[in-house]
Protein chains: 2
Amino acid sequence: MAGVDQEKSEHAGIDSARARVRMRVPSVAERVAQELRYQLAEGFLVPGAKLTEATIAEDLGVSRNTVREAFAELAGERLLLRQPNKGVFVATLEAGDIHDVYTVRRAIEVSSIRAGGSPERIAAVRAAVEEGKRAADANDNKGLGSANQHFHGAIVALAESSRLNTIMAQILAEMRLYFHKATLNAHFYSDWLRENEQICSALEAGELESAGDLLLAYLNRSEQQQSAIHGE
Amino acid sequence: MAGVDQEKSEHAGIDSARARVRMRVPSVAERVAQELRYQLAEGFLVPGAKLTEATIAEDLGVSRNTVREAFAELAGERLLLRQPNKGVFVATLEAGDIHDVYTVRRAIEVSSIRAGGSPERIAAVRAAVEEGKRAADANDNKGLGSANQHFHGAIVALAESSRLNTIMAQILAEMRLYFHKATLNAHFYSDWLRENEQICSALEAGELESAGDLLLAYLNRSEQQQSAIHGE
DNA sequence: ATCGCTGGATTGTTGAACAATCCAGCAGAT
DNA sequence: ATCTGCTGGATTGTTCAACAATCCAGCGAT
């Protein structure tokens, strides 16, 4: 009963005008996965929490097998951790994982920005910067967070690679999970607003090396901050 | 009956000496996935082929639901393509996918080699080079192929990132799928044997920039060759 | 406290059932 | 002959109920 429900499209009389495009109707398993993704991103499900199949199945009004399929998908995305015969748990990022995640980000973000991109893609990066500024003006912390994610997503999108995009999307989803613990204070966000601006300007000016260096420096510093926050 | 079977470990009498480590017994779904991965890598299942749930379930002697779970996993790895209400098919790499795959490889391989790695990891790269030489001497085409994959896998392993490693493993699995169409002729492999040697030497000598450049050049050329083979 | 047992809860897997969807083949109309 | 629309069979999507295997907390005995 928690949002998975979705009206079956029902324009009753209109069958003379034929539908040209197949209406996108995600399978139930897919909708369950989507709902779980949402609850994970929103912090409803905290890292380490156990997800009991029967409970979730009942809550969402679907079968246990269907929940199982959704679990398999999310486990593949590293959002859930499957422990055989014990259950599935919301993934937790350990100290080592932070370095791991930033290693991936360094690889794909720097590589993407160094190769430049089409004017449209660059405009999308600029748009994310502006989105961040607006959120800052409005004191919208949540907005700041997603603006930053859009910024880095837009950088990877420069490469026009579907695979890189999905990899980045997964990494960002993992980090979202983690950020809910590291309570986001405005002070933490103050730095990179200017920095994103710089990176974007360099990109627009075609100074790809410089843009890459700036981005790399940001990622290194960000990793340090995250490690510090998480303790150790 | 096609290889999923696996003796339940049966040292009958020995129960006095307690087992300290949990024996790794993959779930049935996992074994099905593994078997399918194997058949895909081996070229038993050709790209585009349809996998009917009931058939596979019967062949492997497992339930349809279990097969379904395995499908979900492999679809997440992009080895299978799921078309709602139509079935799952062995993934096919189109012209665009080749560029896509190489974009990912450029990002993570070059990034990994530029960061260097521990002596042990570097030794693993060297080992893959030697493995290639041995396969060449033995005229073992199949061995040449896997040696090359080990080489590039070892390069990514330099980064010590579990996530990068799994990404690379998936990419390599995808390429294995594709290589079965592009019949591997010895002539095609002749080039990079020397090149791997060079890259490895540069790496061992600590000339990381040079090693990265060589690797990048190889990847670019390889992409061109692949595109050419696939037509277009 | 430690050890070992036991019972209940949860997962892993199966088999059967049914609705929804797709597809090939066929009848009929233009 | 080609197109249209129907129909039946096959396959997928999903549910349900069952059972074995496994885990875990509690409890009693040493």
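Residue numbering restarts at 1 for every chain, and letters A, B, ... go by the order of the sequence lines.
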Residues at least two apart in sequence or cross-chain that pass side-chain hydrogen bond (donor to acceptor under 3.5 Å, both in side chains) with A:R106, listed by chain then number, are A:N220, A:E223
Not counting sequence neighbours, which residues clear side-chain hydrogen bond (donor to acceptor under 3.5 Å, both in side chains) with B:R126? List them please. B:E130, B:E197, B:E204
Report the residues that fulfil salt bridge (charged side-chain N to carboxylate O under 4.0 Å, His left out) with A:E69, sequence neighbours left out, ordered by chain and then residue number. B:R68, B:R82
Atom pairs, N/O to N/O, protein against nucleotides 9-11 of chain D, distance under 3.5 Å?
none

Can you sort out the partners of A:S162 under side-chain hydrogen bond (donor to acceptor under 3.5 Å, both in side chains), two or more places apart, ordered by chain and number? B:R78
Can you list the residues that meet the salt bridge (charged side-chain N to carboxylate O under 4.0 Å, His left out) rule with B:R134, with sequence neighbours excluded? none
What residues form a side chain to side chain contact (heavy atoms under 4.5 Å, CB included) with B:Y38, not counting sequence neighbours? B:E35, B:E42
Among residues at least two apart in sequence or on other chains, which ones pass side-chain hydrogen bond (donor to acceptor under 3.5 Å, both in side chains) with A:S118? A:E120
Mind running a 4.0 Å heavy-atom check of residues 63-73 of chain B against DNA chain C and sending the residues that fall below it, in number order? B:S63, B:R64, B:N65, B:T66
